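Let me begin by presenting the structure, written as structure tokens, before commenting on it.
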Amino acid sequence: MNDQDMKIVVIGSINMDLVIMAPRLPSCGETILGTDFFTNPGGKGANQAVAAARLGANVEMIGCVGNDPFGQELIANLQNEKVGISNIKICNESPTGIAVITVDQEGQNTIVVSSGANKKVGINLLQQGEEAIKQADIVLIQLEIPLATVYEAIKLTKRYNKFVILNPAPALEIDTEILKLVDIITPNKTEGNILTNTALSLKKNEEEVIKRLLKMGVKNVVMTCGGEGVIYNDNDDIQRIPAYPVKVVDTTAAGDCFNAALAVAITEGNSLSQAVDYAQKVASFAVSHKGAQQSLPFRKQLL
Ligand code: RIB
């Protein structure tokens, strides 16, 4: 298949990331001195869109930014990354979404998001983007936009019998009737626990969470466990793929990169295990580079 034949629609958030590097993450109530500061295009939706485009997919994004300089910069950035922007709305009532991120020396982070215009991604915007959804091979959705829109987006996608990947980040509970429509869900451990109301202390927690999600009606679960790798179901078998041993510089957007690569590999006709393995490789590139979109690889870099 020609790369550009793979059509992926990403419905999600677009943020400007304000990032401070620090020797460690501060404790509650503590002020610490950090080092470098930089701004970087981010947002789980936009990161996934850019990652998929860099991997060769034809990507269309549905989302909202504010009518402000950050919004203009983020749209220009998406355009520059060859992501289709005709379904991105510039909204006058809210500022562009912002994420305040701290990254420590081990590459671990904390992120606080002020959603701003991402809250305005409504059903009417989905209607505007319906043609793109109709043409898509895969629709990729996360949870940084209103939940009602996420539900409608999943229903609309399934009305056209298209494949849905739901990245349930940040963690929220999801209606079981909606979960039944999802082809692949990609929680991390925390998100998996919240989706299933599972206590973290459960023995063999991850496998239990995956089995519960399957029982709830999701077709496939791919759980990302950071440095411990990925656990997923291959029909009834639970499989584990260890993480690639790389030097972790910054984990920001690693999950986004993973989701995008998974989508790209599936649109190219790979099996789930091949797609998971590919996504692991691509995400290991992202964690060994600084920043959100800055860290996302182009297909040729992976060779
Ligand atoms: O997944 C990383 C992203 O989460 C950051 O780019 C930030 O904007 C938040 O949405």
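All of these numbers come straight from a predicted model, not from anything done at the bench. Each ligand, and each atom within it, is numbered from 1 in the order the structure gives.
Among the atoms of T252, none of the N or O lies under 3.5 angstrom from an N or O of ligand 1. Polar contact with ligand 1: absent for I111 (N/O pair, distance under 3.5 Å). Ligand 1 has no nitrogen or oxygen under 3.5 angstrom from a nitrogen or oxygen of S13.
Listed by number with element, the atoms of ligand 1 under 4.0 angstrom from any heavy atom of A99 are 7 (C), 8 (O). Here is the list of ligand 1 atoms found below 4.0 Å of a heavy atom in G43: 5 (C), 6 (O), 7 (C), 8 (O), 10 (O). Residue contact check: D17 has heavy atoms under 4.0 Å from atoms 5 (C), 6 (O), 7 (C), 8 (O) of ligand 1. For ligand 1, the atoms closer than 4.0 angstrom to any heavy atom of G42 are 6 (O), 8 (O). Taking a cut-off of under 4.0 Å to the non-hydrogen atoms of A292, the atoms of ligand 1 that pass are 6 (O).
Nearest non-hydrogen protein atom to atom 9 (C) of ligand 1 is E144 OE2, 3.5 Å. When hydrogens are left out, the protein atom nearest atom 3 (C) of ligand 1 is N47 ND2, 3.6 Å; that is the closest non-hydrogen contact. From the protein, the heavy atom lying nearest to atom 4 (O) of ligand 1 is K44 NZ, 3.1 Å. Atom 1 (O) of ligand 1 has as its closest protein heavy atom D256 OD2, 2.7 Å.
The closest side-chain heavy-atom distance from N220 to L272 is below 4.5 Å. The closest side-chain heavy-atom distance from L195 to E173 is not below 4.5 Å. At a threshold of 4.5 Å between non-hydrogen side-chain atoms, the residues V65 and C91 do not count as touching.
A salt bridge links R240 with E206; the closest basic N to acidic carboxylate O contact falls under 4.0 Å.
Residue contacts with ligand 1 for N40 are absent, since no atom lies close enough (heavy atoms, distance under 4.0 Å).
Partners of F285 by ring-ring contact (aromatic ring centres under 6.0 Å, His included), not counting sequence neighbours, listed by chain and number: H289.
A single hydrophobic cluster is seen to contain both L302 and M6, as judged by linkage of ILVMFWY side chains at heavy-atom distances under 4.5 Å, directly or through other members.
With a 6.0 Å radius and a threshold of 12 heavy atoms from other residues, nucleotides or ligands, K158 has its NZ atom above the threshold.
Checked by atom type and distance alone, the side chain of E144 pairs as donor or acceptor with a backbone atom of K44 at under 3.5 Å.
A donor-acceptor contact closer than 3.5 angstrom links the side chains of N47 and Q293.
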